[in-house]
Participant: 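Got a structure for you, questions after.
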Amino acid sequence: MASSLRTHTQTNSNTSAMNGTSASASDPKSQLSKKPRLHAPPQPLFITPSDVLFEFSHHLPSIARINNGSFGCCPSSVLSAQQQLQLQWLQQPDHFYFNQLQTRILQSRNIIKDMINADHVDEVSIVDNATTSAAIVLQQIAWGFAEGRFRPGDAAVMLHYAYGAVKKSVEAYVTRAGGYVIEVPLPFPVNSVDEIVQEFREALERGKQNGRRVRLAVIDHVTSMPSVVIPVKELVRICREEGVDRVFVDAAHGIGCVDVDMKQIGADFYTSNLHKWFFCPPSVAFLYCRRSTESSDLHHPVVSHEYGNGLAIESAWIGTRDYSAQLVVPKVLEFINRFEGGIDGIKKRNHEAVVDMGEMLVKAWGTHLGCPPEMCSSMVMVGLPACLGISSDQDTLKLRTYLRDKFGVEVPIYYRAPKDGEVGPVTGYARISYQVYNKVDDYYKFRDAIIQLVHNAFTCASLPT
Amino acid sequence: MEHEDPRNGESSHRSSKKPKISSKFILESEIRDEFSHHQPRVARINNGSFGSCPGSVLAAQRQWQLRFLRQPDTFYFNTLRNGIIASRKILKDFINADHVDEVSLVDNATTAAAIVLQQIGRSFAEGKFQKNDTVLMLHCAFQAVKKSIQAYVSRAGGSVIEVRLPFPVNSEEEIISEFKKSIEKGKSNLRKIRLAIIDHITSMPSVVIPVKELVRICRAEGIEQVFVDAAHAIGSVKVDVKEVGADFYVSNLHKWFFCPPSVAFLYCKKSNISSDVHHPVVSHEYGNGLPIESSWIGTRDYSSQLVVPAVLEFVNLFEGGIDGIMKRNHDEVVKMGNMLAESWGTNLGSPPEMCAAMIMVGLPSRLSLNNEDDAARLRSHLRDCYEVEVPIFYQVSKDGEEGVRDKDGFITGYVRISHQVYNTLEDYEKLRDAINRLVEDGKTCKMLCIE
């Protein structure tokens with residue numbers, strides 16, 4: 001396997017010479033006394049593999065952790081920083097509340113603003129997660145119906161593969177308020193960006209039938225299950241052409257996974273979790289809201305003292321709680337910048353590695369990837385052998401549990417219903433991920449587990465309910 | 001993977017391993033140890049705002065957090081749900097609810113208010129309520145709740161009645177009488193009162209309200225829904241939701257019940273309405289009932305909801321458990337209140353039986369506390385220059401009403417002191433001496449410098 005997979009950190013040829021073997025042997029004093037060495041070895045240019053190992057040493061070692069997409073990960077140096085902040089609160093909460101909290105939240109927001117190329121820090125709010133962002137945006141739509149700005153039957157458009165929680169939120173806030181919901185069916189496996197664009201255009205046409213206005217389009221930047229990178233910039237452009245009022249990009253998997261440039265993408269609302277691919281502890285996300293007349297009418301659903309002072313300020317105090325995950329963004333930046341190329345370098349290497357691993361697996365199993373490499377980020381869908389007999393969502397959960405319990409592999413599995421006329425179709429896909437803590441062995445473990453199951457003529461039908 | 005007994009929390013919890021040999025109950029030195037993370041020199045007499053959490057519960061919390069970080073998928077599929085149910089069951093028994101389905105865990109009372117008021121807002125939007133149907137609240141309701149009413153009721157076309165309660169207050173009868181008068185006024189315009197929001201213990205100024213009686217009056221007057229905001233209640237006063245008889249009852253667990261920030265329970269009496277309350281952050285469990293919805297609102301740290309068993313172990317180290325703690329806190333805060341009032345020549349804001357673990361003590365009039373800014377200044381000055389943390393209330397004088405006087409003028413400011421298990425006499429002496437010093441030096445609030 002390419003050596004780039006074992007270490008995705010810069011191999012600094014000076015490192016081994018610098019670490020621990022340099023020259024204080026010539027200084028007898030340092031051997032006898034406890035004084036710090038006067039000539040400490042210079043820090044390696046970039047983080048070393050053993051540093052990375054240490055940073056994620058709290059991960060359960062017996063598990064091949066190839067599901068970074070669901071819950072993310074957080075290095076121990078960031079966790080330590082978080083604990084320090086939690087301690088400061090506990091020591092003297094009033095002082096922290098009056099003198100520290102707001103300044104620190106603003107600092108995090110400013111860093112995010114720069115990273116995502118937003119115009120103004122007012123456009124950047126920090127919330128718990130993308131699920132909360134969806135509630136914020138969709139609640140505004142509900143008010144639109146309740147207050148008569150929208151007519152009953154006006155539409156919201158979302159992808160069929162929109163995240164389950166977001167679909168429920170659309171039901172709770174849009175359908176309930178009288179809106180009409182259109183789902184864009186997307187092909188999977190998918191072969192090109194054009195297939196997605198085509199389906200989207202057709203769905204917008206349906207949306208505009210009967211004189212309906214399309215009030216909101218909800219577009220995933222990277223769908224969850226099955227995971228595919230969506231051409232959001234193109235779809236946003238189409239929305240503008242077709243007179244869609246507002247566009248909300250759900251980029252739960254955005255920052256640290258794909259390129260996140262607000263001005264380039266051009267959406268009205270854009271949210272991304274920071275605990276998935278940006279090394280923050282659970283949980284924290286940003287919600288970007290392009291400045292406009294409507295953006296002043298966005299509110300956090302948990303209303304507190306700051307109601308009416310703008311979403312960013314409202315979100316910075318929603319009652320007593322632990323805000324520490326929102327405050328460690330500066331520390332995360334430090335961590336990321338220890339890697340060659342910073343976050344861009346990490347993204348690139350993650351992508352290349354996950355594609356490598358995906359191709360290794362499909363070769364070993366005789367299956368195929370769910371999309372071309374250019375349509376995936378740091379996750380890719382890998383077809384599972386048809387003989388495993390994955391025939392329902394239930395089966396995917398059972399198989400996932402079986403892989404966890406019997407083989408020490410953690411990977412989410414997607415069921416794809418076969419189309420009429422398909423012969424021996426692949427109905428199950430594993431969504432593998434690659435993050436800085438992964439090793440080639442993680443994927444070998446998975447490869448071998450499936451090979452063993454196939455060898456044993458295992459089928460999902462044999463698993464208990 | 002393993003299905004651990006949720007009552008244990010996690011394997012390394014200290015008090016489940018070491019039996020107490022030397023003493024039946026927790027020692028003073030052990031209490032100091034449990035709260036050794038509190039900033040040592042600060043006289044921390046504001047437990048009401050942000051609460052407190054002992055070291056052993058924090059340790060239990062860290063264990064839960066670590067388990068999630070170690071293998072989040074296993075945690076999500078096999079551990080989290082049972083842990084939350086275990087906490088809910090403990091609370092159900094504690095508050096005398098009929099069924100665990102009536103008990104949801106949310107972040108804080110602010111979130112609970114949003115849940116209840118969003119439901120009211122929807123009723124207006126969906127035509128179940130008419131324009132100008134009314135919500136009734138106390139004038140001194142918590143600011144966040146007032147904003148929530150603005151966001152969900154006023155915006156949706158509802159009206160609001162504020163009940164002005166007297167302060168200082170001398171008896172429960174004064175409160176009951178004012179409350180009755182306000183309802184009469186509300187009904188005089190033929191408006192229907194859809195919801196009454198009643199604090200169990202008001203925040204500023206802090207007084208224990210006779211909620212059971214007020215809820216009874218609400219029912220007698222045909223008010224459809226009653227929501228008791230008891231942010232300060234659990235661990236501070238007895239909480240019996242069936243006795244109180246409200247439709248909704250919320251209390252924070254991180255204020256007086258030793259949980260880390262933050263967690264609260266929201267009790268919803270089973271009814272037609274209770275099936276239509278939803279968590280505003282909608283996720284996969286939408287429609288499965290509020291407790292289930294609230295137990296998953298996206299990826300986040302749920303650890304503070306999981307330590308309730310560890311908290312129970314902690315409070316049971318004290319003589320009389322939580323009841324003993326409540327009684328001693330009450331007795332001490334009254335004692336300290338009287339000590340301060342006597343030293344300053346001022347008054348208490350309410351009689352002892354109308355306070356729990358907090359009490360309002362009048363500040364000397366010579367400090368000239370004449371507006372909110374003065375109160376904020378004094379509070380900051382006490383924090384920065386005297387290392388005393390105590391919230392301060394500015395009492396707006398009512399037109400035509402004579403306020404309470406001390407020997408120099410009208411008393412316009414009050415401190416809200418609290419007593420929790422970690423407090424010592426020195427904390428209150430520090431406050432006493434600081435105020436006396438300011439008065440001796442002829443300082444008024446406007447003259448105070450802050451860092």
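Letters A, B, ... are given to chains in the order of the sequence lines, protein chains preceding strands, and every chain is numbered from 1.
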Participant: Non-hydrogen contacts under 4.5 angstrom with chain B: give the residues of residues 77-88 of chain A involved, or none if there are none.
Facilitator: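 Result: A:Leu79, A:Gln83, A:Gln86, A:Leu87.
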
Participant: Heavy-atom distance under 4.5 Å to chain B: side chain of A:His59, backbone, both or neither?
Facilitator: both

Participant: Give a yes or no answer on whether the side chain of A:Asp250 reaches the backbone of A:Ala252 with a donor-acceptor pair at less than 3.5 Å.
Facilitator: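 Yes, A:Asp250 side chain to A:Ala252 backbone: donor-acceptor pair under 3.5 Å.
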
Participant: For the residue pair B:Tyr76 and B:Phe68, is the inter-centroid distance of their aromatic rings smaller than 6.0 Å?
Facilitator: no

Participant: Side chain, backbone, both or neither: which part of A:Arg65 has an atom under 4.5 Å from a heavy atom of chain B?
Facilitator: side chain

Participant: I'd like to verify something: which residue of B:Asp301, B:Leu69, B:Ile149, B:Asp107 has the highest number of heavy-atom pairs under 4.5 Å with chain A?
Facilitator: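 Ranked by heavy-atom pairs under 4.5 Å with chain A, first place is B:Leu69.
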
Participant: Salt bridge check, B:Arg379 against B:Asp384: does any charged N sit closer than 4.0 Å to a carboxylate O?
Facilitator: no

Participant: Less than 4.5 Å to any heavy atom of chain A: does that hold for the side chain of B:Ile115, its backbone, both, or neither?
Facilitator: neither

Participant: Select one option (side chain, backbone, both, neither) describing which atoms of A:Asp94 are under 4.5 Å from chain B's heavy atoms.
Facilitator: both

Participant: Heavy-atom distances under 4.5 Å only: say whether A:Gln92 touches chain B with side chain, backbone, both or neither.
Facilitator: both

Participant: Identify which part of A:Tyr323 has an atom lying under 4.5 Å from any heavy atom of chain B, answering side chain, backbone, both or neither.
Facilitator: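 It is neither, since no heavy atom gets under 4.5 Å.
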
Participant: Check the angle between the aromatic planes of A:Phe56 and A:Phe279 and answer parallel, tilted or perpendicular using the 30° and 60° thresholds.
Facilitator: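 Judged by the thresholds at 30° and 60°, the geometry between A:Phe56 and A:Phe279 is tilted.
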
Participant: Give, as side chain, backbone, both or neither, the part of A:Arg176 having an atom under 4.5 angstrom from any heavy atom of chain B.
Facilitator: both

Participant: Picking from A:Phe145, A:Tyr173, A:Phe71, which has the most non-hydrogen pairs under 4.5 angstrom with chain B?
Facilitator: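 Most heavy-atom pairs under 4.5 Å with chain B: A:Phe71.
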
Participant: Under a 3.5 Å distance rule, please check whether A:Ser304 uses its side chain to pair with a backbone N or O of A:Ile318 as donor and acceptor.
Facilitator: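 Such a contact is absent between A:Ser304 side chain and A:Ile318 backbone.
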
Participant: Do other residues, nucleotides or ligands put more than 12 heavy atoms under 6.0 Å from the CZ atom of A:Arg151?
Facilitator: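 Incorrect, the count does not exceed 12.
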
Participant: With only heavy atoms counted, which part of A:Tyr163 is less than 4.5 Å from chain B, the side chain, the backbone, both or neither?
Facilitator: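 Just the side chain, heavy atoms under 4.5 Å.
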
Participant: Where on A:Ile136 is there a heavy atom nearer than 4.5 Å to chain B: the side chain, the backbone, both, or neither?
Facilitator: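 Answer is neither: A:Ile136 stays 4.5 Å or more from chain B.
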
Participant: Please check: side-chain N/O of B:Arg44 versus main-chain N/O of A:Gln91, any donor-acceptor pairing under 3.5 Å?
Facilitator: yes

Participant: Side chain, backbone, both or neither: which part of A:Glu306 has a non-hydrogen atom closer than 4.5 Å to chain B?
Facilitator: neither

Participant: Sort out for me which of B:Arg62, B:Lys146, B:His254 touches chain A most, counting heavy-atom pairs under 4.5 Å.
Facilitator: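 Option with the greatest count: B:His254.
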
Participant: Out of B:Ala156, B:Ser304, B:Ala113, B:Ala125, which one racks up the most heavy-atom pairs below 4.5 Å with chain A?
Facilitator: B:Ala156

Participant: Restricting to non-hydrogen atoms, name the atom on A:Tyr414 and the atom on A:Thr396 that form the minimum distance, rounded to 0.1 Å.
Facilitator: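 Nearest pair, atom of A:Tyr414 first, then A:Thr396: C-CG2, 3.8 Å.
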
Participant: If you count every heavy atom of other residues, nucleotides or ligands that lies below 6.0 Å from A:Phe98 atom CZ, does the total exceed 12?
Facilitator: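 Atom CZ in A:Phe98 is crowded, with more than 12 foreign heavy atoms closer than 6.0 Å.
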
Participant: Hey, which of A:Ala177, A:Pro301, A:Ala146 has the most heavy atom pairs under 4.5 Å with chain B?
Facilitator: A:Pro301

Participant: State yes or no: are the ring centers of A:His299 and B:Tyr152 separated by less than 6.0 Å?
Facilitator: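 Judged by ring-centre distance (under 6.0 Å), A:His299 and B:Tyr152 do not meet the cut-off.
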
Participant: Parallel, tilted or perpendicular: which one describes the rings of A:Tyr97 and A:Trp317, with boundaries at 30° and 60°?
Facilitator: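 Perpendicular: the ring planes of A:Tyr97 and A:Trp317 meet at over 60°.
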
Participant: Using a cut-off of under 4.5 Å on heavy-atom pairs, state which of B:Gln65, B:Lys147, B:Arg155 scores highest against chain A.
Facilitator: B:Arg155

Participant: Looking at every non-hydrogen atom in both residues, tell me the closest pair between B:Ser262 and B:Asn108 and how far apart they are.
Facilitator: OG-ND2, 4.2 Å

Participant: Knowing that exactly one of A:Val218, A:Val181, A:Leu216 qualifies, which makes a side-chain contact (heavy atoms from CB on, under 4.5 Å) with A:Val174?
Facilitator: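 In the set A:Val218, A:Val181, A:Leu216, the residue that makes a side-chain contact (heavy atoms from CB on, under 4.5 Å) with A:Val174 is A:Val181.
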
Participant: Which heavy-atom pair separates B:Val42 from B:Glu389 by the least distance, and what is that distance?
Facilitator: CG1-CB, 4.1 Å

Participant: If you count heavy-atom pairs under 4.5 Å with chain A, which of B:Leu66, B:Asn46, B:Asn252 comes out on top?
Facilitator: B:Asn46

Participant: For B:Phe142, is it the side chain, the backbone, both, or neither that has a heavy atom closer than 4.5 Å to a heavy atom of chain A?
Facilitator: side chain

Participant: Run through B:Tyr286, B:Phe77, B:Tyr302 and flag the one making a ring-ring contact (aromatic ring centres under 6.0 Å, His included) with B:Trp296.
Facilitator: B:Tyr302

Participant: For chain A, which of B:Ala114, B:Pro280, B:Pro40, B:Gly51 has the most heavy-atom pairs under 4.5 Å?
Facilitator: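 With the most close heavy-atom pairs to chain A, the winner is B:Pro280.
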
